Amino acid sequence: SAVISQKPSRDICQRGTSLTIQCQVDSQVTMMFWYRQQPGQSLTLIATANQGSEATYESGFVIDKFPISRPNLTFSTLTVSNMSPEDSSIYLCSADGVTNTGELFFGEGSRLTVL
Amino acid sequence: GDSVTQMEGPVTLSEEAFLTINCTYTATGYPSLFWYVQYPGEGLQLLLKATKADDKGSNKGFEATYRKETTSFHLEKGSVQVSDSAVYFCALLNQAGTALIFGKGTTLSVSS
């Protein structure tokens, strides 16, 4: 198993600013994922982050808005850029236990409120 | 595209009641299916899974059977406890095996 720590756990941000969320895993993992959970909605995959390559973004998400770093096998960051109230959401970091099996470990999430 | 639909919540039950949370899916082929659970203040964690038709996943007294005829993966437990209060998410693995697609989640509240 893997333990995933995210920070900040929550934040209140001003419109137009950017915020970086950090995700630390206590063991080396191949794939890391960033999800968004908007109020009353399901979890939506933003992107997959692999070490040594650019993140792979899902339809509707772009690198300019959600730049992602993956400098090593235990760490990743997601930046939410030029925020608007529509970006208010919970952002979840996850990592695979065994590659391509769907068995993921999740952090507790970062709850962002944009005013 | 692939999608998961699960019953709206919240579901409120008394301790020892029988639980069913319905989940149906739309997908190409026969994807692996999952139930994840999020207890208060914690991250999502895998509860159970099934990888092919007629498989039954089980864990902590919960069960779900992969029914390809009805494209369903309903979660059941015979006798719920207060400690089962949580949000339950049904999910499928896309055909490429690269992404989990989640339902909206169902909140379960169990009272003593």
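Residue numbering restarts at 1 for every chain, and letters A, B, ... go by the order of the sequence lines. Note that the structure is predicted; figures quoted are calculated from it, not measured.
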[X], [Y]: one ILVMFWY side-chain cluster at the under-4.5 Å cut-off?
| X | Y | answer |
| --- | --- | --- |
| Tyr36(B) | Ile90(A) | yes |
| Leu92(B) | Phe62(B) | yes |
| Val4(B) | Leu47(B) | yes |
| Leu92(A) | Trp34(A) | no |

For the interface with chain A, which of [options] has the highest count of heavy-atom pairs at distances below 4.5 Å?
| options | value |
| --- | --- |
| Gly43(B), Ala99(B), Gly105(B) | Gly43(B) |
| Lys104(B), Gln38(B), Gln6(B), Glu42(B) | Lys104(B) |
| Leu93(B), Leu46(B), Ile101(B), Leu44(B) | Leu44(B) |

With a 4.5 angstrom heavy-atom cut-off, which part of [X] approaches chain B: side chain, backbone, both or neither?
| X | result |
| --- | --- |
| Leu104(A) | both |
| Leu43(A) | both |
| Gln37(A) | side chain |

Do other residues, nucleotides or ligands put more than 12 heavy atoms under 6.0 Å from [X] [atom1]?
| X | atom1 | value |
| --- | --- | --- |
| Glu8(B) | CD | no |
| Glu15(B) | CD | yes |
| Tyr39(B) | OH | yes |
| Glu16(B) | CD | no |

Check: Looking only at heavy atoms, what is the nearest atom pair of Gly103(B) and Ser42(A), with distance?
Finding: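 Between these two residues, the closest heavy atoms are O-CB, 2.9 Å.
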Check: Which atom pair, heavy atoms only, marks the closest approach of Thr48(A) to Thr98(B)?
Finding: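 Thr48(A) and Thr98(B) have their closest heavy atoms at OG1-O, 4.3 Å.
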Checklist line | Which of Glu103(A), Gln6(A), Gln41(A), Glu58(A) touches chain B most, by non-hydrogen pairs under 4.5 Å | finding: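 Among Glu103(A), Gln6(A), Gln41(A), Glu58(A), the one with the most close pairs to chain B is Glu103(A).
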Check: Can you tell me how far the OG1 atom of Thr101(A) sits from the CZ atom of Phe34(B), to the nearest 0.5 Å?
Finding: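 With rounding to 0.5 Å, OG1 (Thr101(A)) is 6.0 Å from CZ (Phe34(B)).
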Note to self: Would you compute the distance between atom OH of Tyr35(A) and atom CZ of Phe102(B) and round it to the nearest 0.5 angstrom?
What the structure shows: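 Rounded to the nearest 0.5 Å, the OH-CZ separation comes out at 5.0 Å.
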